[in-house]
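Scope of the values below: all heavy atoms of this structure, side chains included, with no hydrogens, waters or symmetry mates.
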Amino acid sequence: MSDGARYVVERFPDLANAVKQYSSDNRFFHGLCEDYGAAVEALRQCETVYSPAAFERAEACRALILDLEREILLELHQWNDASGRSA
């Protein structure tokens with residue numbers, strides 16, 4: 001499992017099996033997971049710095065993380081529906 005997928009599993013532990021399988025089967029989903037992991041890491045770094053620029057970057061990271069979470073859940077839902085799996 002990639003580092004990005006680990007962050008997704010950490011956020012959605014009840015979907016761990018689906019995340020692991022789909023990220024290994026689908027490059028687009030794998031990329032979403034990698035982007036999610038990078039955004040979480042960037043947010044963690046921003047939260048250690050106290051400056052207006054870091055605050056703005058942290059807000060941007062939070063917004064990106066929410067967008068990626070929605071996209072990840074949508075992809076898993078579509079994959080689940082298409083394959084008849086239970087996520």
Evaluation steps, side-chain contact (heavy atoms from CB on, under 4.5 Å), between Glu47 and Leu43 = CA-CA 6 Å; Glu47 291 177 332; Leu43 175 60; 3.7 Å; yes

Could you tell me whether Arg57 atom CZ has more than 12 heavy atoms of other residues or ligands within 6.0 Å of it?
-> no

Are the side chains of Asp81 and His77 in touch, meaning some heavy atoms are under 4.5 Å apart?
-> yes

Check salt bridge (charged side-chain N to carboxylate O under 4.0 Å, His left out) between Arg11 and all other residues, then give those that pass, not counting sequence neighbours.
-> Glu69

Here the ring-ring contact (aromatic ring centres under 6.0 Å, His included) pairs for residues 24-75, sequence neighbours left out, are Tyr22-Phe29

Report the C-alpha distance between Leu74 and Arg70 in whole Å, list the side-chain angles of each, state the deciding distance to 0.1 Å, and finish with yes or no for side-chain contact (heavy atoms from CB on, under 4.5 Å).
-> CA-CA 6 Å; Leu74 178 64; Arg70 287 185 201 108; over 6 Å; no

Contact summary for Ser23 and Ala5, nearest pair of heavy atoms | OG-CB, 4.1 Å

Out of Asn26, Leu68, Val8, Leu76, which residue meets the side-chain contact (heavy atoms from CB on, under 4.5 Å) rule with Leu32?
-> Leu68

side-chain contact (heavy atoms from CB on, under 4.5 Å) between Asp3 and Arg6, worked out | CA-CA 5 Å; Asp3 288 340; Arg6 284 190 182 106; 2.9 Å; yes

Following the transitive rule for hydrophobic clusters with a side-chain heavy-atom cut-off under 4.5 Å over Ile, Leu, Val, Met, Phe, Trp and Tyr, establish whether Leu73 and Trp79 coincide in one cluster.
-> yes

Can you measure from CD (Glu56) to OG (Ser51) and round to the nearest 0.5 angstrom?
-> 9.0 Å

